[in-house]
Number of protein chains: 2
Amino acid sequence: MARGGKSKSKNLQTGEIQNLAEMFRLLGDPTRLRIVLACSTRDLSVGDIAETLELSQSLVSHHLRLLRAGRILRAERHGRHVFYGAADDHIRHVIADMVEHVAEAHSHTRAKTAA
Amino acid sequence: MARGGKSKSKNLQTGEIQNLAEMFRLLGDPTRLRIVLACSTRDLSVGDIAETLELSQSLVSHHLRLLRAGRILRAERHGRHVFYGAADDHIRHVIADMVEHVAEAHSHTRAKTAA
DNA sequence: CAAATATATGAAGAGGTATTCATATATTGA
DNA sequence: TCAATATATGAATACCTCTTCATATATTTG
């Protein structure tokens, strides 16, 4: 308990901050975020992701590698297809939260791009 | 709420995805994340942030500008000092969530490295 | 085996970004 | 006013990352 519980302490170790930043960084690219959102609810094959999002197979594969390495997505092979999905419920929860928050933020954010 | 409630819909518009990714991107740099964490609970002056985190005043100021522009932090002037803090409760909530999640993730970090 | 399909990977270029250094702009007080 | 303090900003640069193109590696089927 020297490191604080789950109440209000925000004192993270250097390594944890690096981890957290790395996760944010991975979600911080629009293309990667679209990929994560696309297969966070149901698993999708690489080809399906590429087709759905209208991205090249190569680009999708490159991004999937990073997302796998960052433990955001996990891969599962079925025959010649590889299906990708959220790494765990924790990730699913985080994503759902963010989506919800962004929706809320948007509802009372008047300024910005609209015109 | 125009489309989709706060239930399970994850269908974001292109603009919303851009916004969300931009927010993640801003939090995705370790230095910036440290700055945000430092002043997300209580407001801090630029000098205090620099001293606390052992960063140059210039670097802190550059990052603060980005965080302000991204509506993650807000600035408030008092005399010759400028205090920075979380832009709103929404931001505070998001950060608290992520911190909590990263802590949990860390506790059972041994997922499958399977390929 | 070879062919067809699905995915992964290496190299390379274009563009972006974090950091530093120097300097500019407030703000207060004598 | 000038000096001192606090913050902001511009330019330069070294580094990193996204994307594309070409090619390699699996996997199933004939």
Side-chain angles (χ1 to χ4, degrees), chain A residues 14 17-39 42-85 87, chain B residues 14 17-39 42-85 113-115:
Chain A
T14 307
I17 291 188
Q18 299 286 115
N19 278 345
L20 188 51
E22 171 68 4
M23 179 172 173
F24 279 134
R25 196 184 64 79
L26 285 169
L27 296 174
D29 176 80
T31 303
R32 239 166 6 230
L33 183 57
R34 290 213 297 150
I35 292 175
V36 170
L37 289 173
C39 61
R42 68 224 190 283
D43 292 10
L44 286 181
S45 73
V46 179
D48 283 346
I49 297 173
E51 193 176 358
T52 303
L53 304 182
E54 302 189 82
L55 300 171
S56 78
Q57 179 269 320
S58 177
L59 180 56
V60 171
S61 199
H62 275 299
H63 281 307
L64 287 173
R65 181 153 60 104
L66 297 177
L67 291 167
R68 232 187 317 154
R71 308 280 158 98
I72 289 180
L73 298 184
R74 99 194 168 294
E76 200 172 313
R77 181 144 220 155
H78 286 283
R80 8 182 178 184
H81 296 256
V82 177
F83 292 86
Y84 282 83
Chain B
T14 307
I17 291 188
Q18 299 288 119
N19 278 345
L20 189 49
E22 172 68 2
M23 177 174 174
F24 280 136
R25 195 183 66 76
L26 286 169
L27 297 174
D29 176 79
T31 302
R32 252 184 334 251
L33 183 57
R34 289 212 296 149
I35 292 175
V36 170
L37 290 172
C39 62
R42 66 234 141 85
D43 291 12
L44 286 181
S45 73
V46 180
D48 283 347
I49 297 174
E51 194 178 355
T52 303
L53 305 182
E54 301 189 82
L55 300 171
S56 78
Q57 179 269 320
S58 177
L59 181 56
V60 171
S61 199
H62 275 298
H63 281 307
L64 286 173
R65 181 155 60 103
L66 297 177
L67 291 167
R68 230 186 317 148
R71 311 278 159 98
I72 289 181
L73 298 184
R74 107 202 156 296
E76 199 172 314
R77 181 146 220 153
H78 286 282
R80 359 178 187 189
H81 295 257
V82 178
F83 292 87
Y84 282 82
T113 332

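As the structure is a computational prediction, the values presented were derived from the model and not from experiment. Note on naming: letters A, B, ... go to the chains in the order of the sequence lines (proteins, then strands), and numbering restarts at 1 for each one.
Between A/Asp29 and A/His63 there is a side-chain heavy-atom pair separated by less than 4.5 Å.
The phosphate of C/dA6 (OP1 or OP2) has no side-chain N or O of A/His78 nearer than 4.0 angstrom. Using a 4.0 Å cut-off, some side-chain N or O of B/Arg65 falls inside it from OP1 or OP2 of D/dT9. Considering only side-chain N and O atoms, B/His81 lies nowhere under 4.0 angstrom from the phosphate OP1 or OP2 of C/dT27. Note on A/Arg32: a side-chain N or O is less than 4.0 Å away from OP1 or OP2 of D/dC18. An OP1 or OP2 oxygen of D/dT17 is reached within less than 4.0 angstrom by no side-chain nitrogen or oxygen of A/His62.
Distance check: A/Ile35 CD1 to A/Leu67 CG gives 6.5 Å after rounding to the nearest 0.5 Å. With values rounded to the nearest 0.5 angstrom, A/Asn19 atom CG is found 10.0 Å from A/Arg71 atom CZ. Here the OG1-CZ distance, from B/Thr31 to B/Arg34, works out to 6.5 Å after rounding to the nearest 0.5 Å.
We find that CD of A/Glu76 is positioned 18 Å from P of C/dA6, with the value rounded to whole Å. If you measure from atom CZ of A/Phe83 to atom C1' of D/dT27, you get 13 Å, rounded to the nearest angstrom. The distance from atom CZ of B/Arg77 to atom C1' of D/dA6 is 7 Å, rounded to the nearest whole Å. To the nearest angstrom, P of C/dG10 lies 13 Å from CG of A/Leu66. Put simply, CG on B/Leu44 is 15 Å from P on D/dA6, counting in whole angstrom units. Between B/Leu33 atom CG and C/dA18 atom C1' the separation is 15 Å, expressed in whole Å. Distance A/Leu64 CG to C/dA6 P: 16 Å, rounded to the nearest Å. For the pair A/Ile35 CD1 and C/dT7 C1', the computed distance is 14 Å after rounding to whole Å.
For B/Arg80, counting side-chain heavy atoms from C-beta on, the closest listed nucleotide (C/dG29, C/dT19, C/dT9) is C/dG29. Between C/dA4, C/dT17, C/dT7, one nucleotide has an atom nearer to the side chain of B/Arg25 than all others, and that is C/dT17. Relative to the side chain of A/Ser58, the nucleotides D/dC21, C/dC21, D/dA8 differ in distance, and D/dC21 lies closest. Listed nucleotides: C/dT5, C/dT20, D/dA8. Nearest to the side chain of B/Leu59: C/dT20.
On a pure distance criterion of 3.5 Å, no polar donor-acceptor pair joins the side chain of A/Gln57 and the base of C/dA6.
Atom CD of A/Glu51 has 12 or fewer neighbouring heavy atoms from other residues, nucleotides or ligands inside a 6.0 Å radius.
Residue whose closest nucleotide on DNA chain D sits further toward the 5' end, between A/Gly79 and A/Ser56: A/Ser56.
Residue contacts for A/Tyr84: at a heavy-atom cut-off of 4.0 Å it reaches the sugar-phosphate backbone alone, with no base atom in range.
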